[in-house]
Each structure stands twice: as C-alpha cells, then as structure tokens.
Amino acid sequence: MAQFIALLVVLAVILAIVAIQWGVINADESAAQREKQLLDQELVALLGAHKRENERFAVGDEAYQNAHVQYSSEWVHRNMGQKLAQSFEHDLTILLNASLDPLYTANEGFVWLPEIYEQKLKSILSPTLRELQQEFQFSTIKRNDGFLASTDTSDGMLKPHTRSFLIEFDGRPALTALTTVTPESYTIPILDRRPCTLISIRVLNADFLAKISRKLGLHNLTFVPNGSTVPFSAQKQLVDQSGNPFGSLSWSPNTPGQDLWQQAAPIVYLAFSIILAVLILALRRMSAASRKLFESEAQARHSSLHDSLSGLPNRDLFERDLKSVLTQCQQTGEHIAVVYLDLDYFKEVNDTLGHQVGDELIRAVADRLRRAVNDEDTVARISGDEFVILFRTCRDKIDLRERCQSVVETFKEPFDLGSHRLFVTCSMGAVRAPIDGVEPGELIRRADVALYKAKEAGRERCIVFEPSMEDKLRQRRQIEAELREALERNQFRLCYQPQVSPDGRHTITVEALLRWHHPLKGTIPPSFFVPIAEGCEMIWKIGEWVLRQACRDGLNWPDISIAVNVSPAQVRHPEFASQIKRILREENFPPHKLELEVTEAVLMDQSDAALNTIEELRLIGVKLALDDFGTGFSSLSYLRKFPFGKFKIDRSFITSVEHEVEAAAVVHTLVGLGEALGMEVTAEGVETPGQHRFLQASRCTSLQGFYFARPMLARDITRRLQNEQKRPDNRVSA
Ligand code: C2E
Ligand code: CA
Ligand code: CA
C-alpha cells in the first residue's frame with residue numbers, strides 16, 4: 001500500500017513537471033508564432049510604405065513631363081534620385097524608358113553607372129516589368145476636355161501601375177518598388193507610348209534590421225541566404241515576386257515560458273523536493289510502522305505456536321511439524337516415533353509447594369527434555385505436565401525403548417528449584433509411525449493410551465503402544481462415564497465386614513467395603529472400579545459418599561469403630577483433612593470411632609504432605625491403620641514416622657500361615673513388631689479354624705476374615721451386634 005501511494009506521488013510529481021515543461025514549450029511556441037506574425041505584418045507594412053514612397057515620385061504631371069514627355073536628367077536627379085534617397089533612405093533609384101533601358105541610375109542620391117542595373121537587377125526585375133507593360137492597353141478616346149488621348153482607362157487618364165516586393169540584392173534582402181510614371185491631371189497630353197518605369201530599391205541592411213528588431217522586440221534579427229546555416233531558432237522565409245525563396249530572416253525568439261520557468265524553477269524544485277522529502281519521511285515511518293507490525297505479527301505467530309511458560313512448541317505447532325514429517329516419511333519410507341510424557345505426581349507438587357514451584361519445575365523439565373533428545377527431534381508441551389517428543393528416526397521397538405529409557409534416566413538427577421530439591425519421575429507412552437498411525441491426532445492419542453498403561457503399571461517407565469490397549473482403554477472410559485452416573489443414580493452401597501477379638505467372640509470394628517450395583521452388570525467389586533475412579537478423580541466424590549454413609553450407619557453402633565478405606569489420591573488431596581472434619585461435624589460422628597485405612601502407596605511420595613494430613617487427623621482423634629502391610633515396601637521407618645495406631649497383615653501371609661513356615665515366621669515377626677511399636681495388629685483374610693488358632697496364639701489384636709464374617713449389609717451388622725450382646729459367650733461365626 002505504502003509503495004503504491006509513493007508511486008502515485010512520484011508519478012504526480014513527474015506529471016506536474018511534464019505539464020509545466022509542456023506549458024513552457026507551448027508558451028514559447030506561441031510567443032515565437034506571434035513574433036513571426038509581427039514580422040510578417042512589418043514586412044507587408046514596409047513594402048506598402050516603400051510602394052507609396054515610389055509612387056509619390058513616379059506619379060505627377062511634372063514627373064510625366066520630365067521623365068517621359070521631355071526627359072530632363074537634371075530634374076529626374078533632383079526630384080527623384082536625390083529626394084528618394086534623402087527623404088526615404090532608398091538606396092538605388094533607376095528610371096527605365098519605355099523600352100526598359102535605364103535612363104537614369106542613382107545610388108544613395110548620387111548618379112551611378114547604369115551597369116548596376118544591367119548586372120544586378122535586370123534579370124530579376126524583367127518579368128515583372130514586362131507584366132507591367134502588358135497591363136497597358138492603349139486606346140484612343142476623346143477626353144472631356146476635347147483632346148484625343150491614348151489611354152488605358154475609360155476616363156482618358158493613365159492609371160499608374162505599381163508593384164512592390166522583396167528581392168535579394170548584393171546578398172541582402174531589399175524592398176523593391178516598380179511604378180509606371182504617369183501624370184496626375186488632364187492638363188498634360190498623354191503620349192501614345194508605353195510609360196517609363198521608376199524603380200526604387202531599399203536594402204534591408206544591418207542597421208535597418210536592427211531598427212525592425214527594436215521596433216518588434218526581436219533579438220538578433222539577421223538575414224540568412226539560402227544554403228547557409230540558420231543561426232537562431234526562429235526564422236521567416238523570404239520570397240521574391242515570383243514566390244521563389246531566396247533566404248530567410250532569423251532571430252532568437254523571446255521565450256517567456258523559459259524565462260518564467262527559470263524564475264519559478266528553484267521554487268518548483270524546492271516544493272517538489274519538500275514533497276519528496278515528506279514522502280520519503282512518511283514512507284520511512286510507514287515502513288518502520290509496517291516493520292513493527294510485521295514483528296508483532298511474527299511475535300503473535302510465535303506465541304500462538306509456543307508455550308509461554310517453557311518456550312517449547314505447543315500442541316498446534318507440534319501437530320503441524322508432525323504432519324509434515326509424516327508426509328516426508330510417506331515418500332522416504334522412514335519410521336518415526338511420538339512419545340507422550342507425563343510427570344508423575346506433578347499435581348501434588350503444585351498442591352503442596354505452590355504453583356510457582358510447579359512452574360519452575362515445568363521450565364526445568366522442558367530444559368532437561370530438550371537436552372535429552374537430538375537436535376533434529378522436537379519436544380513440545382501440550383498441557384500442564386504433559387509433553388510430547390517427536391523422534392525423527394526410529395529403527396524399531398528396541399531402538400525406541402532405548403531412547404525412551406535415556407529420557408527416563410535424565411530424571412534420575414534431582415531438580416534443584418531454589419530452596420527445593422525435588423525428585424521427579426516421568427511416565428511415557430510411545431507410538432511408532434507409520435506402524436501405529438499416520439495422522440498426528442491419532443498418533444498423539446495412541447501415545448496417550450500407552451502412557452495410561454505406563455501409569456497403571458506403576459509409573460516411571462515407558463510403554464510402547466499395542467492395539468489391544470485401546471480396547472481396554474475404551475472400556476475404562478466407559479466405566480469412568482458410568483461411575484459418574486452411578487453416584488447420581490445412587491448405585492453405591494456399603495457392606496461392612498467385622499474385625500473381631502482374637503477369640504472371635506466380639507466385634508471390635510467394622511470395615512466399610514464399597515459395592516457398586518450396576519443396573520446391567522450386577523454387583524461390581526471395588527478392586528475393579530476403585531482404581532478406575534482413582535484414575536479419573538471420581539474417587540474424591542465417591543470417597544466423600546463412603547465416609548458420609550459410613551458415619552451415618554456407624555451412629556447406630558455406638559460400641560464399635562468404623563474402618564473406612566481411603567485411596568492415596570484422597571489422602572494426597574490438600575483438602576482431605578478438612579473434608580473429613582466437615583463430614584464428622586455434619587454427621588455428628590465422634591472422630592475417635594473413625595479409623596482410616598490407607599496403604600503404603602500414600603507414604604511413598606510427598607511423604608511430608610501426607611504426614612501433615614495424617615497428623616492433623618490424628619490430633620482430632622481419628623485413628624489410622626496401615627492396610628495390606630507386608631505387600632509394599634513395609635518400611636520400618638514409615639511405621640515409626642507416621643502416627644499409625646494399627647497395621648493390618650495382608651491376607652497373602654495369612655493364607656499360607658498353616659503350611660509355610662516362612663509365612664508363619666513373618667506373621668510372628670510382624671506381631672512382635674506391632675507390640676514393640678505399641679501398635680495394634682489385625683490379621684486379614686482369616687478363612688479357616690487353623691488360621692484362627694495360629695493367629696489367636698500369635699497375639700494379634702484383632703482378626704478379620706470370612707471365617708468370622710463376610711462383608712454384610714448395615715442391618716445385618718446391627719443384628720449381629722444385638723446377638724453378640726444377647727449371647728456374649730458364644731463365638732460369632734459367619
Ligand atoms: P481391603 O481393604 O484389603 O479389604 C478387604 C478385602 O478382602 C475385601 O474385598 C474383602 O471382601 C476381602 N476379604 C475379607 N476377608 C476375606 C477372606 O477371608 N478371604 C478373601 N478371599 N477375601 C476376604 P473387597 O470388598 O472386594 O475389597 C477389595 C478392596 O477394595 C479393599 O481391600 C480395598 O482396598 C478396596 N476398597 C473397598 N472399599 C473401598 C472404599 O470404600 N474405598 C476405597 N478407597 N477402597 C475400597
Ligand atoms: Ca482395608
Ligand atoms: Ca487389606
């Protein structure tokens with residue numbers, strides 16, 4: 001646009017200059033034309049005057065008498081030659097007789113040799129002279145005064161015949177007049193013979209031309225004979241009486257346009273220079289502005305395609321790059337890989353250490369990932385703690401695993417973020433193209449499916465996509481959706497399984513166990529849907545329901561405690577402690593009758609945050625039990641560090657206790673450990689009388705298992721508790 005405007009302005013300036021020049025030329029041409037007209041008129045006037053001057057001396061009675069009837073050389077000299085020279089500055093005066101021979105010749109008023117006529121004029125003037133003579137048609141008439149006269153007019157007078165024209169004389173133009181000598185009145189008889197002719201010539205010499213120049217305002221008016229170079233640009237051709245050109249008058253014409261232009265030019269050029277300067281300035285401004293615009297556009301383009309936090313390409317740019325790489329691959333037949341990477345427990349970092357630390361961690365991870373891949377590979381951040389990597393070459397599955405492993409390795413080093421030192425791991429899902437897909441969105445989604453698997457398999461690993469994973473994931477998504485509905489449609493129920501005294505007679509605690517009554521699939525066990533609910537954060541809402549329901553039911557059993565299972569995801573939630581407090585308050589349930597069962601998974605990461613939550617709950621009287629003890633890390637330090645009042649020996653040990661010496665030894669050790677730490681110990685999964693006997697002997701504080709009771713509805717617990725009270729000495733059995 002700017003260039004177009006500039007072009008227009010420059011064009012306008014050029015057009016203006018051309019128009020001015022054209023005006024200048026036009027003005028000069030019309031001035032020259034006018035000068036030519038003036039010169040024309042002047043020559044006509046000069047010839048007219050010259051003719052009249054000649055006639056004045058050629059026409060008259062005395063002139064006719066002395067020149068024609070009775071020739072008097074003296075009279076002719078005085079009255080013709082001298083007078084014409086003195087009064088009118090004629091140069092040559094020649095009187096020719098009827099036979100056209102010179103009677104008298106004078107040059108500038110002095111009698112001259114007649115040869116001048118013969119040599120220089122005769123040949124030029126003869127044709128005109130003959131013409132003049134032929135105009136006389138003498139006839140004899142009787143005049144009014146009674147004389148018979150030879151005449152060419154009807155009134156008996158002789159009419160004078162005159163010509164005036166220009167000729168070239170002695171290399172110069174000359175005014176020439178020829179007049180027949182005739183009388184003026186009747187008083188003189190007219191001879192029956194052709195009259196004499198008076199010739200008078202005035203040369204247009206330099207002085208004369210200068211006079212004309214002055215009069216007409218012409219410059220350097222000069223005569224130029226035929227064949228010579230015309231010195232000035234304006235000229236008027238001169239022709240003789242027969243119309244033959246014999247030279248021209250040339251002069252340097254006035255140039256009013258040029259003159260005006262010369263005066264105006266500096267101002268005009270100054271004006272144009274100013275316009276151009278302004279234009280250049282404006283253009284510069286515009287180009288600077290458009291450069292800025294371009295830069296900010298580029299900036300906007302960059303930010304629209306990059307993640308502002310890490311500076312890495314975003315999903316859009318990644319997909320674009322991936323698309324073009326995939327197109328290339330189709331041509332070259334090469335294989336590439338896409339890896340979906342997710343930080344393990346990033347949410348917890350954010351929740352416990354704040355978003356600023358979370359942001360710093362993302363930047364540090366981005367940096368590390370960039371360094372972990374080759375230059376040609378791409379790393380992009382696609383959301384929160386999720387990254388994608390594009391490996392531009394990938395030989396096979398083994399190669400891909402190795403590359404992913406090297407990325408996992410880079411996370412072994414801790415991240416030092418100001419005052420925090422974090423050990424962060426990552427999980428990855430990988431796909432290969434074109435084997436696992438040829439479309440960017442599809443590849444990323446499948447990599448995400450594999451990532452899901454990696455998370456499920458215990459995190460901090462990379463899993464390569466298999467088509468079967470997708471079906472499982474699809475089922476899982478379906479269950480996730482159904483779980484949401486289940487809560488709204490009241491499809492959950494709680495069962496309670498008693499934990500009894502070592503002798504099996506008294507119920508000490510009941511453990512709430514969740515059941516899902518699916519309208520089509522029937523009752524679904526928690527081992528199936530709880531991990532799915534944990535994966536989609538539904539566990540938070542479901543957990544709330546369980547706690548509330550357990551409290552409500554528990555209010556009916558004032559003498560026993562209620563054990564509620566809580567997932568690590570719940571405990572890790574920063575709001576967990578306040579959620580429990582709120583429910584206890586709202587349901588009016590005594591905190592010391594609530595026991596929370598957590599697994600060791602809670603303790604493995606972010607232990608400080610979990611510790612704080614657990615400590616907070618312990619302070620209000622809530623009891624805590626470590627579930628499934630013996631299956632995880634079973635670290636002694638956990639038991640010492642966390643304020644658990646109880647641990648539950650996992651069913652797997654109890655099952656083998658009757659037959660395997662090692663299992664029995666472990667159980668003994670664990671019970672001893674509980675005693676040493678002042679903790680209660682519950683044995684889970686007691687199914688047989690033998691197991692019961694063994695456990696009773698081993699001093700467990702409580703026992704749980706099908707041998708005593710299966711999980712049952714709340715009303716059955718009520719009945720059972722009533723029975724226990726009625727028959728206190730009877731062993732309670734399922
Ligand atoms: P858990 O906490 O270890 O619960 C005990 C599980 O062992 C229950 O299975 C129970 O029915 C089963 N059981 C008890 N005695 C015996 C026995 O003698 N033999 C055998 N074979 N099994 C026995 P259930 O109800 O299917 O629960 C499975 C797991 O689901 C629970 O294991 C617990 O981890 C989880 N769970 C149950 N309800 C909830 C809940 O409300 N919230 C959370 N987060 N997890 C729950
Ligand atoms: Ca449990
Ligand atoms: Ca358990």
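Reckoned from all heavy atoms, side chains included, excluding hydrogens, waters and symmetry mates. When a ligand or atom number is given, it counts from 1 through the structure's own listing order. Since we're looking at a predicted model, the values are computed, not measured.
- In terms of polar-atom proximity, R515 is counted as a contact of ligand 1, with an N or O under 3.5 Å from an N or O of the ligand.
- Nearest-heavy-atom check against atom 5 (C) of ligand 1 across E687, E597, Q691, E684 picks out E684.
- Here V546 has side-chain heavy atoms under 4.0 Å from ligand 1, and that is the only part of it that gets that close.
- Classification of R719 and D716 as a salt-bridged pair holds, one side-chain N sitting under 4.0 Å from a carboxylate O.
- Taking the centre and axis of the six-membered ring of Y496, the NZ or CZ atom of R720 falls outside the cone set by 45° and 6.0 Å.
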Compile the donor-acceptor pairs under 3.5 Å between side chains in residues 653-670 and protein atoms, sequence neighbours left out, one pair per line.
from : atom 1 : to   : atom 2 : distance (Å)
T655 : OG1    : R651 : O      : 2.8
S656 : OG     : S652 : O      : 3.1
E658 : OE1    : T688 : OG1    : 2.9
T669 : OG1    : A665 : O      : 2.7

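- E360 and Q356 share no donor-acceptor pair across their side chains, judged by distance under 3.5 Å alone.
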Output side-chain donor-acceptor pairs under 3.5 Å for residues 520-541, partner residues at least two apart or in another chain, one line each.
from : atom 1 : to   : atom 2 : distance (Å)
K521 : NZ     : E482 : OE1    : 3.2
T523 : OG1    : H517 : ND1    : 3.0
E534 : OE2    : S567 : OG     : 2.6

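- Residues passing the salt bridge (charged side-chain N to carboxylate O under 4.0 Å, His left out) test with E439, sequence neighbours excluded: none.
- Closest to atom 26 (O) of ligand 1 by heavy atom, among A533, A563, P526, is P526.
- In this structure, Q704 does not count as a contact residue of ligand 1, since none of its heavy atoms falls inside 4.0 Å of the ligand.
- Around the Ca ion (ligand 2), the protein N, O or S atoms found under 3.0 Å comprise E511 OE2, N565 OD1, E597 OE1, D627 OD2.
- The side-chain tip of R315 does not point at the ring of F318 from less than 6.0 angstrom away and within 45° of straight on.
- Ranked by closest heavy atom to atom 2 (O) of ligand 1, the top entry among I542, V564, D627 is D627.
- Contact check on E442 versus R446 returns a salt bridge, with a Lys/Arg side-chain nitrogen under 4.0 Å from an Asp/Glu carboxylate oxygen.
- Contacts with ligand 1 closer than 4.0 Å are made by side-chain heavy atoms of P711 only, the backbone lying farther away.
- Here's the thing with R651: one of its N/O atoms is less than 3.5 angstrom from an N/O atom of ligand 1.
- Exactly one of L624, L617, T599, V598 qualifies for a side chain to side chain contact (heavy atoms under 4.5 Å, CB included) with V571. That residue is V598.
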